[in-house]
Amino acid sequence: MVSACSELDDVSCGKWCHGYVLRNGLEGWDNVCNAIINMYMKCGKQEMACRIFDRMLNKTRVSWNSLIVGFVRNGDMESAWKIFTAMPDSDLVSWNTMIGALVQESMFKEAIELFRVMQSEGKTADKVTMVGVASACGYLGALDLAKWIHSYIKKKDIHSDMHLGTALVDMFARCGDPQSAMQVFNKMVKRDVSAWTAAIGAMAMDGNGTRAIELFDEMLQQGIKPDGVVFVALLTALSHGGLVEQGWHIFRSMKDIYGIAPQVVHYGCMVDLLGRAGLLSEALSLINSMPMEPNDVIWGSLLAACRVHKNVDIAACAAERISELDPERTGIHVLLSNIYASAGRWDDVAKVRLHLKEKGAHKMPGSSSTEINGKIFEFTTGDESHPEMTHIEPMLKEICCRLRDIGYVPDLTNVLLDVNEKEKEYLLSRHSEKLAIAFALISTGQGMPIRVAKNLRICFDCHSFAKLVSKSYSREIIVRDNNRFHFFQQGFCSCGDYW
DNA sequence: ATAGGGTTAG
């Protein structure tokens, strides 16, 4: 009965069950109490869940785990962690839940660390553990760790299934190894639409639109029905590959052939695809033809394209919509002020700046990670307290001197703060990917490739910085941002400056 | 039977 309440999200019925337990002194019925804990947690009633937990006579591991899972689902990591550490005999479910929770909170390094603690305590990982670990590794872009995880799974004879297989495909793709990703994919015994999506997503990260279409056709031939998600991955791949015609074709086929009405996300992909290709008015009329309200992301995507292709008027229109939809998104105003500045419209710049000052600018902090000798190092933009800073600082200076000699001029247009030029230049030189690249340069041998994973899209300045470092230091530099891969070699990038 | 897992525009 409790479980039925839980399914129906019926708190009042659940409360009646709770009362029944109390009236009849059933606190010893642990399975009923566990069900009530889950029911309350599902409805967001954390205090009620705790109340019955505290009164339970026979707390089992399921009771403890139910609390942990409940806190994680409600975004309360602190309480989840407290229960996890207080729990007398944590089991696999507890550990897996915590590792998964850290991944969910974007605490990838911490997730890997928790897995290492688990190993040192002699706990045996299973496939669910490895899904969490693989996912964390992918976000960190740690290729050596990825290879280790893959062989660990084989060595420990952890039976892989569709979830783990998909997670591994995604992990290798994010680590910049599409070959390994496809090897894992090809070995999978069963592949559902999510597995195919991961493979197509791997092609998207690689900017390989043509191969993405081939994979999609193969998927259809195998009789797998596409869903909305696979079209997101496919359209993204076409966008990165600059395949506009194919993009339109796929977009139209969604409804015409597969009977899937395009959602906001799909329109977003198309706006991005058209915008990147410089077809700004085409993108704008697509937005105006949308059957649903365009959201802030759609307009943001158009705005970003306007910055690249220098269209001030459409940019202003997009920015206006965004401030209507989400007045808190100050990053947009910064972007707009930069667009005005590059067009020499200083009055407008001043207006936006004033507006920004009143609001106060907030931006997600940039963070980059790089793996050196199996150890993962994380850098945050402008982090002066990093323990490696004493080594990084002089290296950055040396790099800058060397790059200036071959014509590097810092591009200040995208620095998001209203400070003087010198200050801007300083902040720009402290972008997290620059710190990571400098550190990797001093920590790895001559000619060794450098791999960096970053949580935001790489900025123009860091992009040209990486190109020049690859040339000046004869190093292959691979940066995976939240969008795609950039392979820098001898002064050129695999994205062809199209991102 | 009450607890843990993969893919998704910017």
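Protein chains get the first letters and strands the later ones, always in sequence-line order, with residue 1 at the start of each.
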Self-check item: Protein-nucleotide distance (Ile322(A), atom CD1; dA9(B), atom C1'), rounded to Å
Solution: 14 Å
Practice problem: Under the salt bridge (charged side-chain N to carboxylate O under 4.0 Å, His left out) rule, collect the residues that match up with Arg211(A), sequence neighbours excluded. | Solution: Glu214(A)
Quiz item: Does anything in residues 171-186 of chain A reach DNA chain B, meaning a heavy atom under 4.0 Å, and if so which residues?
Solution: Arg174(A)
Quiz item: Between the side chain of His240(A) and the main-chain N/O of Ala237(A), is any donor-acceptor distance below 3.5 Å?
Solution: no
Quiz item: dA9(B), dG6(B), dA3(B): which one has an atom nearest the side-chain heavy atoms of Thr166(A)?
Solution: dG6(B)
Quiz item: Does Asp91(A) have any salt bridge (charged side-chain N to carboxylate O under 4.0 Å, His left out) partners at least two apart in sequence or in another chain, and if so, which?
Solution: Arg61(A)
Self-check item: Between dG6(B) (P) and Asp170(A) (CG): distance, integer Å
Solution: 10 Å
Self-check item: Glu78(A), CD: over 12 other non-hydrogen atoms inside 6.0 angstrom
Solution: no
Quiz prompt | Nearest-angstrom distance from the residue atom CG of Leu456(A) to P of dA9(B) | solution = 15 Å
Exercise. Would you check if Asp54(A) and Arg51(A) make a side-chain contact, meaning some heavy-atom pair closer than 4.5 Å?
Key: no
Practice problem: Round to a whole Å and report the spacing from CG of Leu235(A) to P of dT7(B). | Solution: 19 Å
Quiz item: Using a heavy-atom distance cut-off of less than 4.0 Å, which residues of residues 155-165 of chain A contact DNA chain B?
Solution: Asp161(A), Met162(A), His163(A), Leu164(A)
Practice problem: Check each of Asn31(A), Asn58(A), Asn34(A), Asp30(A) against Ser63(A) using the side-chain hydrogen bond (donor to acceptor under 3.5 Å, both in side chains) test, and report the only one that passes. | Solution: Asn34(A)
Quiz item: Which residues satisfy the side chain to side chain contact (heavy atoms under 4.5 Å, CB included) test with Ala198(A), sequence neighbours excluded?
Solution: Thr166(A), Val169(A)
Exercise. Figure out the CG/P separation between Leu215(A) and dT7(B), and round it to whole Å.
Key: 18 Å
Quiz item: Reckon Val72(A) touches a base, only the sugar-phosphate, or nothing at all at heavy-atom distances under 4.0 Å?
Solution: nothing
Tabulate below the donor-acceptor pairs under 3.5 Å that side-chain atoms of residues 280-289 of chain A make, not counting sequence neighbours, or state none.
from	atom 1	to	atom 2	distance (Å)
Glu282(A)	OE2	Trp248(A)	NE1	2.9
Ser285(A)	OG	Ser281(A)	O	3.2
Ser285(A)	OG	Glu282(A)	O	3.1
Asn288(A)	ND2	Leu284(A)	O	3.3
Ser289(A)	OG	Leu286(A)	O	2.8

Exercise. Quickly work out the Leu168(A) CG to dG5(B) P distance and round it to whole Å.
Key: 17 Å
Quiz item: Is Val265(A) touching bases, backbone alone, or none of the nucleic acid, heavy atoms closer than 4.0 Å?
Solution: base
Could you pull out all donor-acceptor pairs under 3.5 Å where a side-chain atom in residues 217-231 of chain A meets a protein atom, sequence neighbours excluded?
from	atom 1	to	atom 2	distance (Å)
Asp227(A)	OD1	Val229(A)	N	3.2
Asp227(A)	OD1	Val230(A)	N	3.0

Practice problem: State which of dA9(B), dT2(B), dT7(B) makes the closest approach to the side chain of Asp272(A). | Solution: dA9(B)
Quiz item: So what does Asp481(A) hit on the nucleic acid, given a heavy-atom distance under 4.0 Å: a base, only sugar-phosphate, or nothing?
Solution: nothing
Quiz item: Is there a residue in residues 125-133 of chain A whose heavy atoms reach under 4.0 Å of DNA chain B, and which residues are they?
Solution: Asp126(A), Lys127(A), Val128(A), Val131(A)
Quiz item: For the pair made of CZ in Arg484(A) and C1' in dA9(B), what is the distance, rounded to whole Å?
Solution: 15 Å
Quiz item: At under 4.0 Å between heavy atoms, what does Val232(A) touch on the DNA or RNA strands: base, sugar-phosphate, or nothing?
Solution: sugar-phosphate
Quiz item: Among all residues two or more places apart in sequence or in another chain, which pass the salt bridge (charged side-chain N to carboxylate O under 4.0 Å, His left out) test with Glu324(A)?
Solution: Arg321(A)
Quiz prompt | For the student: nearest non-hydrogen atoms of Ser368(A) and Ala436(A), plus distance | solution = CB-CB, 4.1 Å
Quiz item: What residues form a salt bridge (charged side-chain N to carboxylate O under 4.0 Å, His left out) with Arg276(A), not counting sequence neighbours?
Solution: Asp272(A)
Practice problem: Could you check which residues of residues 189-210 of chain A get a heavy atom under 4.0 Å from DNA chain B? Sort them by number, please. | Solution: Asp192(A), Ser194(A), Ala195(A), Thr197(A)
I'd like a table of donor-acceptor pairs (distance under 3.5 Å, sequence neighbours excluded) in which one partner is a side-chain atom from residues 149-159 of chain A, with atom names and distances.
from	atom 1	to	atom 2	distance (Å)
Ser151(A)	OG	Lys147(A)	O	3.2
Ser151(A)	OG	Trp148(A)	O	3.1

Quiz item: What integer distance in Å separates Tyr267(A):OH from dA9(B):P?
Solution: 18 Å
Quiz item: Taking the six-membered ring for Trp, is the centroid-to-centroid distance between Trp196(A) and Phe185(A) below 6.0 Å?
Solution: yes
